[in-house]
Trainee: 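Pasting a structure here, questions to come.
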Amino acid sequence: MPPAGQFIDGAFRPSTSAATLDVVDPCHETVLAQVPDGTAADVEVAVAAARKAQPAWGGLTPKERSQILLQIADRVAEHHDLLVNLESANTGKPFEVSRDDVASTIDTFRFFAGAARATTSQAAGNYAADHLSVIVREPLGVIGVVTPWNYPLLMAAWKIAPILAAGNSLVLKPSEITPLTTCKFAELVADLLPAGVLNVVTGTGPVVGAALAGHPGVDMIALTGSVNSGKAVARAAAESLKRVHLELGGKAPVVIFEDADLPAAASSIRAAGYWNSGQECGAGCRVLVHESVADAFVEHLVKEVSSFTVGEPGAGDDVEIGPLVSRPHFDRVRGYLDRAKDAGIRAAVGGSALDGPGFFIAPTVLVGLDSDAEAAREEIFGPVVTVETFSDEDEAVTRANATAYGLSASVFTENAKRSHDVAGKLDAGTVWVNSHLVLATEAPWGGFKGSGYGRDLSIYALDDYSRTKHVMHNHGR
Ligand code: NAD
């Protein structure tokens, strides 16, 4: 377990409040640990530490910052098993998922260590007579970060690595449901970073998150979470006109044409719809399949989904689906399934909760839905995939885009011209062709429309966490 307290200015310190939050094991519904229920006063101290530390950190050369990021990656790798176990204990994730999270965390730090040294920019030049323009990329300053519970360590890494690479300091609030790996990470890297560069304040969104979003000493607020939380931080940020970076929800459409390789598509959705128990913003959870192949596709998908092993992480390496993260989220997902049943929607497999203890839901495929059905429209965020049918390409594209979200989408077809065309028309920040949910640290991740704005991963994240300055020299003589 991480030490008690808030990680501020290089060490764990007591919160300004004695109140604590329980951290619950979702497999057994027992209390694993307690963390401080942080306050606005904690945020005040953390922001002051981050402000003090930022100029020296931002003044290091990219090479110097890069070396520290590489040391952080190595430190995480040395504690791989510990972080895997802690993440699985707090979230109920199968070890396979936690291993992937830790491996991706390491890769994220290594990528940004390299990217920090290889930024490109407009060339210096005489764009006005006798005036030399030099474009400088500067850190923004102090970034406030708010992370979700579905990938606690990995989502923290997606923020921390580019923010530090670009020369900023930060104050991060992990989800109150899953703070353990973020606090442990802070402990593990404490001796590698100058005090105050990274600060972690635990607590709730409406208190600690809101204090960060509204704080005049914070230059940007970056949140990964739900649409409502995104709107709340954007509203709070408006008062101080700070920059906002939002990675919000998704409801990814998967368009399967009549010429698609149906077994391959079903196998892709087995992974993309159910990874992390479907608690995944990019999950391929809303299938639109051509009516002529719908029955055949559903048969393949049901076969795939029936082969999942559900259980707690410790039940064995073959476990692929764990519990949902918390009692409120479990009740929420169950509510979607109950209402779908009441509306006459058929579950081709699954469709209900599994016997407790623990927040387990059977991997589910709902079939025969209309596009306006609640389960087809709203982000369920559980192991539930819905299947609708369409008659022609225009209808498929129109319906795929008829959603408030725009994070990701996919198209399955063997026709190369159609795949280019349809990928261009789908309104999403990431579109896969004959695949879904494969990510690369080099490629940007982020949404359109209700899924937010700003990009994680890739050099685009470095752009987001820095600002350009034009310095112009008059050298006329
Ligand atoms: P959430 O919005 O409930 O919580 C996310 C974080 O926001 C938490 O730390 C929470 O404490 C904080 N928060 C809540 N209210 C706040 C407020 N008023 N001000 C500031 N902070 C506040 O989301 P969640 O349930 O933890 O995560 C699931 C959501 O996150 C889903 O909608 C999912 O799609 C989204 N998500 C998106 C991505 C992406 O990359 N786009 C990645 C992971 C998760």
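Heavy-atom basis, side chains included; hydrogens, waters and symmetry copies ignored. As the structure lists them, so they are numbered: ligands from 1, and atoms in each ligand from 1. Note that the structure is predicted; figures quoted are calculated from it, not measured.
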Trainee: Which heavy atom of the protein is the closest neighbour of atom 9 (O) of ligand 1, given with residue, atom name and distance?
Mentor: Thr147 O, 2.7 Å

Trainee: Using a 4.0 Å cutoff against the non-hydrogen atoms of Val233, which atoms of ligand 1 qualify?
Mentor: 19 (N), 20 (C)

Trainee: Go through ligand 1 atom by atom and flag the ones less than 4.0 Å from a non-hydrogen atom of Asn150.
Mentor: 43 (C), 44 (C)

Trainee: For the 3.5 Å polar cut-off, considering only N or O atoms, please tell me whether Thr224 and ligand 1 meet it.
Mentor: no

Trainee: As a check for students: among Pro179, Gly203, Gly205, identify the option with a heavy atom nearest to atom 13 (N) of ligand 1.
Mentor: Gly205

Trainee: Any idea which of Gly452, Ser229, Gly249 brings a heavy atom closest to atom 15 (N) of ligand 1?
Mentor: Ser229

Trainee: Can you sort out which atoms of ligand 1 are near Glu176, meaning under 4.0 Å from one of its heavy atoms?
Mentor: 8 (C), 9 (O), 10 (C), 11 (O)

Trainee: List the closest protein heavy-atom neighbour of atom 12 (C) of ligand 1: residue, atom name, distance to the nearest 0.1 Å.
Mentor: Val146 CG1, 3.4 Å

Trainee: So for Tyr151, does at least one of its heavy atoms come nearer than 4.0 angstrom to any atom of ligand 1?
Mentor: no

Trainee: Ser175: heavy atom below 4.0 Å from ligand 1, yes or no?
Mentor: yes

Trainee: Answer with yes or no whether the side chains of Thr39 and Ser17 bring together a donor and an acceptor at under 3.5 Å.
Mentor: no

Trainee: Considering only the protein, which heavy-atom contact is closest to atom 27 (O) of ligand 1, and what is its distance?
Mentor: Pro148 CB, 3.4 Å

Trainee: Using ring centroids (six-membered ring only for Trp), state whether Phe381 and Trp149 fall under 6.0 Å.
Mentor: yes

Trainee: Begin from the C-alpha positions of Asp219 and Arg51 and carry the test side chain to side chain contact (heavy atoms under 4.5 Å, CB included) through to its verdict.
Mentor: CA-CA 10 Å; Asp219 300 289; Arg51 284 240 77 88; 3.2 Å; yes

Trainee: Side-chain contact test, heavy atoms from C-beta onward, threshold under 4.5 Å: evaluate it for Pro2 versus Leu180 and give yes or no.
Mentor: yes

Trainee: Identify whether NZ of Lys or CZ of Arg in Arg339 sits under 6.0 Å from the centre of the six-membered ring of Tyr336 and within 45° of that ring's axis.
Mentor: yes

Trainee: Walk me through it: do Thr16 and Glu44 pass the test side chain to side chain contact (heavy atoms under 4.5 Å, CB included)?
Mentor: CA-CA 10 Å; Thr16 54; Glu44 204 58 53; over 6 Å; no

Trainee: So which protein heavy atom does atom 32 (O) of ligand 1 come closest to, and at what separation?
Mentor: Glu379 OE1, 2.8 Å

Trainee: Regarding atom 3 (O) of ligand 1: of the candidates Ser226, Gly446, Gly209, which has the closest heavy atom?
Mentor: Ser226

Trainee: Does the side chain of Leu437 reach to within under 4.5 Å of the side chain of Ser268, using non-hydrogen atoms?
Mentor: no

Trainee: Check this for me: Lys449, atom NZ, are more than 12 non-hydrogen atoms of other residues, nucleotides or ligands nearer than 6.0 Å?
Mentor: yes

Trainee: Using 4.0 Å as the upper bound for N to carboxylate O, is an ion pair formed by Asp100 and Lys93?
Mentor: no

Trainee: Could you work out, for atom 33 (C) of ligand 1, the closest of Trp445, Phe381, Tyr405 by heavy-atom distance?
Mentor: Phe381

Trainee: Does any N/O atom on Trp149 come nearer than 3.5 Å to any N/O atom on ligand 1?
Mentor: yes

Trainee: Hey, does Ala213 sit under 4.0 Å from ligand 1 if you only count heavy atoms?
Mentor: no

Trainee: Is it true that the side chains of Glu176 and Thr202 contain a donor and an acceptor less than 3.5 Å apart?
Mentor: no

Trainee: Side chains of Tyr460 and Asp464, heavy atoms from C-beta outward: is any pair under 4.5 Å?
Mentor: no

Trainee: Hey, looking at atom 30 (O) of ligand 1, which of Pro152, Gly214, Gly225, Ser408 has the closest heavy atom?
Mentor: Gly225

Trainee: For the ring pair His245 and Tyr465, is the centre-to-centre distance below 6.0 Å?
Mentor: yes

Trainee: Taking distance alone, with no angle check, do Thr204 and ligand 1 share an N/O pair under 3.5 Å?
Mentor: no

Trainee: As an exercise, identify every atom of ligand 1 less than 4.0 angstrom from a heavy atom of Ala232.
Mentor: 18 (N)

Trainee: Are any of the side-chain heavy atoms of Val302 and Val367 separated by less than 4.5 Å?
Mentor: no

Trainee: In ligand 1, which numbered atoms sit nearer than 4.0 Å to a non-hydrogen atom of Leu223?
Mentor: 7 (O), 21 (N)

Trainee: Is there a polar contact, in the sense of an N or O pair closer than 3.5 Å, between Leu248 and ligand 1?
Mentor: yes

Trainee: Hey, is ligand 1 close enough to Cys281 that some N/O pair sits below 3.5 Å?
Mentor: no

